[in-house]
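Reading through the structure tokens given below for one structure.
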Amino acid sequence: MAQAYKTETGSGGSGPERPGSRFRRLLDGWRGDPDIWRRGLVTAGIAVFLALVMLFHAQIPNNVGNLGSLTETFLPWLGLFVPVLLVIAVVRKSATALIALLLPVIIWVDSFGGLITGKSGTGGDLTVATHNVNADNPDPTGTAKDVAASGADVVALEELTPSAVPVYEKALAGTYKYHAVKGTVGLWSKYPLSDTRPVDIKLGWVRAMRTTVTTPKGEVAVHVAHLPSVRVKLDAGFTANQRDNSADALGEAIADEKIGKVILLGDLNGTMNDRALNAVTSQLRSTQGAAGDGFGFSWPASFPMARIDQIMVKGVEPVSSWTLPETGSDHLPIAARVDLSS
């Protein structure tokens with residue numbers, strides 16, 4: 001009996017199981033299984049397809065419901081399929097599926113891994129912010145005060161209504177000495193403005209403007225734009241033709257800019273991955289991409305899924321870029337600090 005007792009309570013008994021033991025048991029379950037390469041072929045095929053979509057998204061045609069732009073708008077979210085496929089591959093004990101999953105993982109990390117790590121720096125000469133305030137905003141005064149509290153030297157607002165403009169003017173007057181409003185967009189600044197004029201983005205009404213901000217470090221051309229909205233329809237797909245035409249017109253206006261330092265603030269209704277914005281994105285750098293922390297998603301405010309509000313620059317160096325807290329709008333405001341001495 002003494003020997004039996006010793007056997008039950010010794011190292012081979014029912015003591016706590018080590019994590020390594022569970023891992024070895026898992027490997028033992030796969031070893032010698034000839035079907036681990038034959039199982040999960042469908043899962044492996046989906047993984048390869050996912051990788052191809054992420055790698056060749058620019059080749060997805062836009063002539064059918066703007067499918068290419070729709071894919072590019074939510075491109076980072078394709079990574080969510082990886083853990084789902086991983087679970088399926090493990091449950092199915094499929095070595096083929098696990099190996100195939102390496103493809104989308106590598107491509108996603110290469111494309112978006114840099115956005116996960118923080119890139120914000122210190123210093124800078126000018127802080128700018130932009131916010132689509134929403135025409136139906138129930139608290140424009142509170143929204144204006146929230147944006148002003150960011151400490152921005154220059155603030156752009158989009159989707160202004162005639163009735164709301166006086167409210168924003170009053171709420172921001174104590175912080176910003178200078179301002180200009182053109183159509184549904186406006187700019188408030190601590191520094192003087194000059195040569196302010198509308199920018200024609202082929203809509204028939206004014207939703208873009210440019211002005212010169214005279215900072216202590218020199219003149220900066222600031223463009224404010226609110227490109228047309230896009231819609232996802234069951235019968236038409238991702239309808240964005242008007243947005244695309246306006247983006248081309250905005251790109252022409254930026255290309256014609258005479259001042260070397262340029263900042264674009266606004267709601268572009270598209271992400272930096274969207275090829276339809278190439279006329280703009282090919283000329284300017286995203287502050288979020290260059291100096292932001294995380295993806296910086298700005299819309300919708302209740303559960304941000306895409307960064308369609310943008311701060312982009314040319315001739316200045318992004319130092320930091322971030323998303324501001326939620327206001328009464330369906331968009332989040334965003335801000336950036338830039339170095340004008342570069």
Side-chain angles (χ1 to χ4, degrees), residues 76 110-131 147-148 150-158 176 178 187-195 199 208-225 247 250-268 270-274 277-298 307-324 332-342:
D110 180 66
S111 300
F112 304 109
L115 295 176
I116 298 176
T117 59
K119 299 183 291 297
S120 291
T122 58
D125 310 305
L126 186 73
T127 301
V128 298
T130 182
H131 190 23
V147 176
S150 68
D153 303 302
V154 175
V155 171
L157 301 181
E158 303 88 47
Y176 302 99
Y178 309 94
L187 191 77
W188 278 257
S189 173
K190 295 179 180 179
Y191 305 119
L193 306 179
S194 61
D195 194 16
V199 172
M209 60 175 282
R210 67 84 59 204
T211 189
T212 300
V213 180
T214 303
T215 76
K217 292 295 183 73
E219 292 185 340
V220 181
V222 178
H223 289 247
V224 183
L250 178 61
E252 292 177 8
I254 292 171
D256 292 339
E257 183 59 61
K258 305 304 181 186
I259 296 177
K261 292 179 170 61
V262 179
I263 298 177
L264 171 62
L265 306 169
D267 174 7
L268 302 189
T271 68
M272 294 297 295
N273 294 313
D274 192 337
L277 302 184
N278 187 60
V280 176
T281 57
S282 62
Q283 302 184 67
L284 305 169
R285 297 174 67 194
S286 164
T287 59
Q288 186 68 24
D293 292 337
F295 289 94
F297 295 147
S298 63
R307 185 181 178 87
I308 63 174
D309 302 275
Q310 306 292 349
I311 299 176
M312 304 177 68
V313 299
K314 179 173 69 173
V316 303
E317 187 65 26
V319 174
S320 58
S321 187
W322 62 98
T323 302
L324 296 170
L332 294 178
I334 61 174
R337 188 156 179 82
V338 299
D339 185 353
L340 300 178
S341 61
S342 59

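A quick note: this is a predicted structure, and the numbers were derived from the prediction, not measured.
Across Pro333 and Val147, no two heavy atoms sit closer than the pair CB-CG2, 4.4 Å. Leu157 and Trp188 make their closest contact through CD1-CZ3, 3.7 Å (heavy atoms, listed as atom of the first residue, atom of the second, distance). Counting all heavy atoms, side chain and backbone alike, Leu264 lies closest to Ala225 at CD1-CB, 4.3 Å. Residues Gln288 and Ser321 share a closest heavy-atom pair of OE1-OG, 3.1 Å. When all heavy atoms of Asp339 and Ser341 are compared, the pair lying nearest together is OD1-OG, 2.6 Å. Residue Leu115 comes nearest to Gly289 through the heavy atom pair CD2-CA, 4.2 Å, listed as atom of the first residue, atom of the second, then distance.
Tested against Met312, the residues Leu277, Leu265, Thr281, Thr287 include a single side-chain contact (heavy atoms from CB on, under 4.5 Å) partner, Thr281. Among the candidates Leu126, Val128, Asp153, Ile311, the single residue satisfying the side-chain contact (heavy atoms from CB on, under 4.5 Å) test with Arg337 is Asp153.
Applying the side-chain contact (heavy atoms from CB on, under 4.5 Å) rule to Ala291 yields the partners Pro318; only residues at least two apart in sequence or on another chain are considered. With sequence neighbours excluded, no residue forms a ring-ring contact (aromatic ring centres under 6.0 Å, His included) with Tyr178.
If you take OG1 on Thr212 and CG on Leu193, they are separated by 8.5 Å, rounding to the nearest 0.5 Å. Within the model, atoms NZ of Lys190 and OH of Tyr176 stand 5.5 Å from one another, a figure rounded to the nearest 0.5 Å. In this structure, Thr323 OG1 and Ile334 CD1 are separated by 7.0 Å, a value rounded to the nearest 0.5 Å. Rounding to the nearest 0.5 Å gives a distance of 11.5 Å between CD1 of Ile263 and OG1 of Thr130.
Using a 4.5 Å cut-off on side-chain heavy atoms (C-beta onward), Glu158 and Val224 make contact. Residues Leu332 and Leu324 have side chains not in contact (no heavy-atom distance under 4.5 Å, counting atoms from C-beta outward). Looking only at side-chain heavy atoms (C-beta outward), Ser150 and Thr127 stay at 4.5 Å or farther from each other. Two residues are said to be in side-chain contact when any heavy atoms from C-beta on lie closer than 4.5 Å; Phe112 and Asn273 meet this criterion. In this structure the side chain of Val319 never reaches within 4.5 angstrom of the side chain of Val338, judged on heavy atoms. Put simply, the side chain of Leu187 reaches to within 4.5 Å of the side chain of Val222, judged on heavy atoms. Residues Gln310 and Met272 have side chains in contact (heavy-atom distance under 4.5 Å, counting atoms from C-beta outward). Between Ser120 and Trp322, every side-chain heavy-atom pair lies at or beyond the 4.5 Å cut-off.
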Task: Glu317 and Arg285: CA distance, side-chain angles, deciding distance, side chain to side chain contact (heavy atoms under 4.5 Å, CB included) verdict - done: CA-CA 9 Å; Glu317 187 65 26; Arg285 297 174 67 194; 3.3 Å; yes
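Between the side chain of Glu219 and the main chain of Lys261, no donor-acceptor pair closer than 3.5 Å is present. Panel note: side chain Lys314, backbone Leu284; no donor-acceptor pair is recorded below 3.5 Å.
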Compile the donor-acceptor pairs under 3.5 Å between side chains in residues 251-258 and protein atoms, sequence neighbours left out, one pair per line.
residue	atom	partner	partner atom	Å
Glu257	OE1	Arg210	NE	3.3
Glu257	OE1	Arg210	NH2	3.3
Glu257	OE1	His223	NE2	2.8
Glu257	OE2	Arg210	NH2	2.8
Glu257	OE2	Ile259	N	3.4

